[in-house]
Amino acid sequence: MDLVVFDLETTGLSPTGNEIIQIAAVRLRLGKVFHSESYSTFVNPRRPIPAFITSYTGISDAHVRGAPPICSALAEFSRFVGDCTILAHNGHRFDMPFIRAACAKNCIPTRKVQYADSIYLSRLIWRESRWHGLDAVLERLGISTVGIRRHDARGDVELLSEAVLRMWRRITPDCTALPVPLFTGTFPR
DNA sequence: GCTAGGCAGGAACCCCTCCTCCCCT
């Protein structure tokens, strides 16, 4: 099955009060990461990026100054996704609510997509653990972050796609159906 | 190491509500 793994960087944690500033995604097919089929963009939030977010993500006002606004960024992201199932880490509680709120705030026409959350893969494999954040998952899988910029969506999506494949193979080695719940979410048309 | 919001899951309890923790930036 085709799966688009994605990650967002934002100006904070609140979908209603904060803005998306970066989107990155990569396609997974037949148990492989297709690095040639990737997508990333900065997004102009039309407001200054808080200093804490710049120090956390490395994304500054200069990075987003010439970037597309959220409407065109989401439209392009939607074309990249097509009718694939999408997946993000903690996407059920963070990324998908952010996309839904961005569509609502900007009157962007929407459609429904199927999405999964890799946190459920981690919970399935390490049932006894309380820790299922991306750092904990990467550490348990022995995936090195050396040379990869954490908290930049392009770096995080690269790490996450590798982590998803490894977890998926542990449960269903042929990577056919995803062994975690599929949700239906609001997505730009 | 601090901040923000909202959801999920567990506890206590009998059906919801409350509470706490994790997780994302």
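Owing to the predicted nature of the structure, the values given are computational and were not obtained by experimental measurement. To find a chain, count down the sequence lines: A is the first, B the second, and so on, and within it residues start at 1.
Taking atom C1' in both B:dG10 and B:dC21, one finds a spacing of 10 Å when rounded to whole Å. Remark: the separation of the P atoms in B:dC24 and B:dA8 is 16 Å, to the nearest Å. With C1' as the reference atom, B:dC16 and B:dA11 are 12 Å apart, rounded to whole Å. Using P as the reference atom, B:dT3 and B:dC18 are 25 Å apart when rounded to the nearest Å. B:dT20 and B:dG6 have their C1' atoms separated by 14 Å, given to the nearest Å. Comparing the P positions of B:dG9 and B:dG5 gives an interatomic distance of 22 Å, to the nearest angstrom. Taking atom C1' on both nucleotides, B:dC14 is separated from B:dT25 by 39 Å, rounded to a whole Å. B:dA4 and B:dC22 are spaced 15 Å apart, taking the C1' atom of each and rounding to whole Å.
Of the candidates B:dA8, B:dC24, B:dT25, the closest approach to any side-chain atom of A:N90 belongs to B:dC24.
Side chain to side chain, A:S129 and A:R123 fail the donor-acceptor criterion of an N or O pair below 3.5 Å.
Contact detail for A:T54 and A:S60: the closest heavy-atom pair is OG1-CA, 3.8 Å. When all heavy atoms are compared, the tightest approach of A:P45 to A:I21 is CG-CG2, 3.7 Å.
Pairs engaging residues 74-83 of chain A under the side-chain hydrogen bond (donor to acceptor under 3.5 Å, both in side chains) rule: A:S78-A:R111 [sequence neighbours left out].
Between the OH atom of A:Y56 and the P atom of B:dC23 there is a distance of 12 Å, rounded to whole Å. Taking atom CG of residue A:D95 and atom P of nucleotide B:dC24, one finds them 10 Å apart after rounding to whole Å. Taking atom CZ on A:F94 and atom P on B:dG6, their separation rounds to 13 Å, with Å as the unit. B:dC24 atom C1' lies 14 Å from atom OH of A:Y115, rounded to whole Å. Rounded to an integer number of Å, the gap from A:I53 CD1 to B:dG5 P is 14 Å. Nucleotide B:dC24 holds its P atom 17 Å from the CE atom of A:M96, rounded to whole Å. Here B:dC24 presents its C1' atom at 13 Å from CD1 of A:I99, a figure rounded to the nearest Å. Nucleotide B:dC24 holds its C1' atom 14 Å from the CZ atom of A:R100, rounded to whole Å.
Considering only heavy atoms from C-beta on, A:T10 comes within 4.5 Å of A:F94 through its side chain. Using a 4.5 Å heavy-atom cutoff, the side chains of A:C84 and A:L3 are not in contact.
In this structure a side-chain-to-backbone donor-acceptor pair under 3.5 Å is present from A:W168 to A:A177. Although no hydrogens or angles enter the test, the distance criterion places no donor-acceptor pair under 3.5 Å between the side chain of A:E19 and the main chain of A:T11. A:D7 contributes no side-chain N or O that, together with a main-chain N or O of A:A24, makes up a donor-acceptor pair within less than 3.5 Å. Side-chain N or O atoms of A:D61 include none that pairs as donor or acceptor with a backbone N or O of A:P48 at under 3.5 Å.
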Validation: residues 182-189 of chain A side-chain donor-acceptor distances under 3.5 Å, sequence neighbours left out:
{"unit_1": "A:T186", "atom_1": "OG1", "unit_2": "A:K112", "atom_2": "NZ", "d": "3.0"}
{"unit_1": "A:R189", "atom_1": "NE", "unit_2": "A:T110", "atom_2": "O", "d": "3.3"}
{"unit_1": "A:R189", "atom_1": "NH2", "unit_2": "A:T110", "atom_2": "O", "d": "3.4"}

Distance-only criterion, 3.5 Å: show the donor-acceptor pairs between side-chain atoms of residues 158-165 of chain A and protein atoms not counting sequence neighbours.
{"unit_1": "A:S161", "atom_1": "OG", "unit_2": "A:V157", "atom_2": "O", "d": "3.0"}
{"unit_1": "A:S161", "atom_1": "OG", "unit_2": "A:E158", "atom_2": "O", "d": "2.9"}
{"unit_1": "A:E162", "atom_1": "OE2", "unit_2": "A:R166", "atom_2": "NE", "d": "3.0"}

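The partner of B:dC14 is absent, by the rule that a Watson-Crick or G-U pair needs both atom distances under 3.5 Å. Base pairing analysis places B:dG5 opposite B:dC24; the two distances defining the Watson-Crick or G-U wobble pair are each below 3.5 Å.
At a non-hydrogen distance threshold of 4.0 Å, A:H151, A:D156 from residues 135-159 of chain A come into contact with DNA chain B. Within residues 3-20 of chain A, the residues that have a heavy atom under 4.0 Å from DNA chain B are, in order of number, A:D7, A:L8, A:E9, A:T10, A:G12, A:L13, A:S14.
A cation-pi arrangement, defined by a distance under 6.0 Å to the six-membered ring centre and an angle within 45 degrees of its axis, is present between A:R29 and A:F34.
Residue A:F98 is out of contact with every strand shown, counting any heavy-atom pair closer than 4.0 Å.
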Protein-nucleotides 18-22 of chain B N/O pairs closer than 3.5 Å?
{"unit_1": "B:dC21", "atom_1": "O3'", "unit_2": "A:R130", "atom_2": "NH2", "d": "2.9"}
{"unit_1": "B:dC22", "atom_1": "OP1", "unit_2": "A:R130", "atom_2": "NH2", "d": "3.0"}
{"unit_1": "B:dC22", "atom_1": "O2", "unit_2": "A:R93", "atom_2": "NH1", "d": "3.3"}
{"unit_1": "B:dC22", "atom_1": "O2", "unit_2": "A:R93", "atom_2": "NH2", "d": "3.0"}

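Between A:H89 and B:dC23 there is no side-chain N or O to OP1 or OP2 distance below 4.0 Å.
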